[in-house]
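All remarks here apply to the structure that follows.
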Amino acid sequence: MAKPNLFLVGAPKCGTTSLHAYLSQHPIIHMSDPKEPHHFGRDLVMTQPRILDRKQYEGLFDAGASLPYRGESSVWYLYSKSAAQELHEYNPDARILISLRDPVELMYSLHGQYLRSINETIINFEEALRAETDRRNGKRIPRESHFPAGLLYRHVVDYVPQINRFIRRFDRDQILIVLFEQLTINTHGTFRRILDFLDLPETGTVKFEIHNKAAVPRNMNFRRFLKVHPKIQKIYGRLPEELRGGIGNAALRLFFKSHDRGVLSPDLRRVLVRELTPEIDRLEELVEQDLSAWKQV
């Protein structure tokens, strides 16, 4: 058995699905399926599927036992207060990839994803931010929520303490931080930087397609109905693969729409940037990268 030794630990909505797909295409990297087993992070309280059994978890990497890298991409490891220590205890020689994004844009994007998954039911983003005080006290949590902690949007983008937890456990040369904006503007160059970090050659076989495009529900009540009736999902899961694909594509067209919510309100962005700038300044020093674009309004 060869332990996984490559962990893409988050943050969410920072291109991790695309990065996982790109890494999977490299012939000497094996990435887990499913992408997000969330085996580590004992402090994470979520009802979404996790693979907590150690034997089952390590079985995800059997096919890559002979390869130099075996990895997974659980985006809430960065948020977790215990995952960094757990990962170090499990494999102190592991490589850690951290993907970050303009915190205001991340919160806005995460809110949109949560509307789709019914982790969130407050449609207005500004109102969802105002609800954080109540939610810290256990109020206004949707009964369908699979990860209530993620509704504290400002906590999700509290990058400095999150990164420091990994820096305290792993040597700096074991950690690479990439920016979502760099990945978007220069996908090939950013991936080349990751391969350099892993001391791996470029193969020219990776297709840089965009994965996990956002969508929002056309009908929130119907989406809620599906979430609170898991038997429907089980029946769907037993259907033949070709039938599932056809039904899934039809459902996406019928009940979801490709997401272009438009840019965030300039006034709200101005308020949030002003609020988060001190933390962005601290992060800039920590990661030694220019984050001035995140402070633009």
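Every heavy atom of this structure was used, including side-chain atoms; hydrogens, water molecules and symmetry mates were not.
Here CZ of R70 is found 10.5 Å from CD of E58. Values are rounded to the nearest 0.5 Å. Rounded to the nearest 0.5 angstrom, L283 CG and L100 CG are separated by 6.0 Å. Separating the CE atom in M107 from the CG atom in L110 is a distance of 9.5 Å, to the nearest 0.5 Å. Atom NZ of K55 and atom CG of D53 lie 8.5 Å apart (nearest 0.5 Å). Between atom CG of residue L60 and atom CD1 of residue I51 there is a gap of 4.5 Å, rounded to the nearest 0.5 Å. Considering CD of E285 and CD1 of I280, their distance stands at 13.0 Å, rounded to 0.5 Å.
Applying the side chain to side chain contact (heavy atoms under 4.5 Å, CB included) test to R50 and every residue at least two apart in sequence or in another chain returns H38, L44, M46, L52. For F180, there are no ring-ring contact (aromatic ring centres under 6.0 Å, His included) partners, not counting sequence neighbours. In terms of the side-chain hydrogen bond (donor to acceptor under 3.5 Å, both in side chains) criterion, Q296 has no residue partners (sequence neighbours excluded). Among residues two or more places apart in sequence or in another chain, the side-chain hydrogen bond (donor to acceptor under 3.5 Å, both in side chains) test is passed with Y159 by none. Listed by chain and number, the residues in a side-chain hydrogen bond (donor to acceptor under 3.5 Å, both in side chains) with T203 are T205 (sequence neighbours excluded). Remark: D134 pairs with no residue by the side-chain hydrogen bond (donor to acceptor under 3.5 Å, both in side chains) rule, at least two apart or across chains. Under the side chain to side chain contact (heavy atoms under 4.5 Å, CB included) criterion, A128 pairs with H111, E120, I122, R135, Y153, sequence neighbours left out. For Y69, there are no ring-ring contact (aromatic ring centres under 6.0 Å, His included) partners, not counting sequence neighbours. Scored by the ring-ring contact (aromatic ring centres under 6.0 Å, His included) test, H39 finds Y57 as partners (sequence neighbours excluded). Under the salt bridge (charged side-chain N to carboxylate O under 4.0 Å, His left out) criterion, R269 pairs with D102, E105, not counting sequence neighbours. Residues that satisfy the ring-ring contact (aromatic ring centres under 6.0 Å, His included) test with H155, not counting sequence neighbours, are absent from this structure.
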- [ ] Tell me, with the steps shown, if V156 and L106 meet side chain to side chain contact (heavy atoms under 4.5 Å, CB included).
- [x] CA-CA 9 Å; V156 174; L106 186 154; 3.9 Å; yes

- [ ] Mind running side chain to side chain contact (heavy atoms under 4.5 Å, CB included) on Y90 and R54 for me, showing each step along the way?
- [x] CA-CA 11 Å; Y90 179 74; R54 181 59 56 90; 3.4 Å; yes

TODO: Report the C-alpha separation of F191 and L195 in whole Å, then their side-chain angles, then the decisive distance to 0.1 Å, and conclude whether the side chain to side chain contact (heavy atoms under 4.5 Å, CB included) test is met.
DONE: CA-CA 6 Å; F191 190 68; L195 293 182; 3.7 Å; yes

Open item on the list: Determine whether L6 and L198 satisfy the following criterion, side chain to side chain contact (heavy atoms under 4.5 Å, CB included), listing intermediate values before the conclusion.
Closed with: CA-CA 9 Å; L6 174 60; L198 299 175; 3.9 Å; yes

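Under the 6.0 Å distance and 45° angle rule, K3 does not count as a cation-pi partner of F61.
Using a 4.5 Å cut-off between side-chain heavy atoms of Ile, Leu, Val, Met, Phe, Trp and Tyr, with links allowed through other members, V287 and V157 fall into the same hydrophobic cluster. One hydrophobic cluster, built from ILVMFWY side chains closer than 4.5 Å, cannot hold both V271 and L264; they sit in different ones. No chain of hydrophobic side-chain contacts below 4.5 Å, direct or via other Ile, Leu, Val, Met, Phe, Trp or Tyr residues, connects V75 to L152. Under the 4.5 Å side-chain contact rule for hydrophobic residues, L176 and Y22 share a cluster.
We find that D196 and R193 are not joined by a salt bridge, their nearest charged nitrogen and carboxylate oxygen being 4.0 Å or further apart. One finds a salt bridge joining R192 and E202 here, because a Lys/Arg side-chain nitrogen approaches an Asp/Glu carboxylate oxygen to under 4.0 Å. Between K81 and E86, none of the side-chain N atoms (NZ, or NE/NH1/NH2) sits under 4.0 Å from a carboxylate O, so this pair counts as no salt bridge. A salt bridge does not link E132 with R136: every distance from a Lys NZ or Arg NE/NH1/NH2 to an Asp or Glu carboxylate oxygen is 4.0 Å or more.
Contact of the I118 side chain with the S145 side chain is not registered, since no non-hydrogen atoms from C-beta on lie closer than 4.5 Å. With contacts defined as side-chain heavy-atom distances shorter than 4.5 Å, the pair L19/I194 qualifies. No side-chain heavy atom of I29 sits less than 4.5 Å from a side-chain heavy atom of L67. Annotation: side chain of D158 is not in contact with side chain of Y79 (no heavy-atom distance under 4.5 Å). Here the side chains of P12 and L78 are not in contact, with every heavy-atom distance at 4.5 Å or above. Contact check for I167 versus L286: side-chain heavy atoms found under the 4.5 Å cut-off. At a threshold of 4.5 Å between non-hydrogen side-chain atoms, the residues S74 and F7 do not count as touching. Contact of the S82 side chain with the F40 side chain is not registered, since no non-hydrogen atoms from C-beta on lie closer than 4.5 Å.
Judged by distance alone, the side chains of Q113 and K13 do bring a donor and an acceptor atom under 3.5 Å apart. Under 3.5 Å, the side chains of S117 and N119 contain no donor-acceptor pair of N or O atoms. Side-chain contact check for T47 and H146: no donor-acceptor pair (N or O, by modelled atom type) lies under 3.5 Å. With no hydrogens or angles considered, no side-chain donor-acceptor pair links E36 and W76 at under 3.5 Å. In this structure, a donor-acceptor pair under 3.5 Å is present between the side chains of E72 and Y77.
Screening residues 160-176 for side-chain hydrogen bond (donor to acceptor under 3.5 Å, both in side chains) gives Q85-R169 as the qualifying pairs, with residues at least two apart or on separate chains.
Considering every non-hydrogen atom in both T16 and A11, the closest pair reads CG2-O, 3.5 Å. Contact between C14 and S99 at its shortest, heavy atoms only, is O-OG, 2.6 Å. Considering all non-hydrogen atoms of both residues, S292 and E284 come closest at N-OE2, 3.5 Å. Nearest heavy atom pair, residue L129 against residue R154, reads O-NH1, 3.4 Å. When all heavy atoms of F147 and V45 are compared, the pair lying nearest together is CD1-O, 3.3 Å. Taking each heavy atom of H26 and P201 in turn, the nearest pair found is NE2-O, 2.8 Å.
Within the 3.5 Å criterion, the main-chain N or O of K139 finds no donor-acceptor partner in the side chain of N137. Judged purely by atom type and a 3.5 angstrom limit, H20 uses its side chain to pair as donor or acceptor with the backbone of S32. Listed for the N5 side chain is a donor-acceptor partner under 3.5 Å among the backbone atoms of P68.
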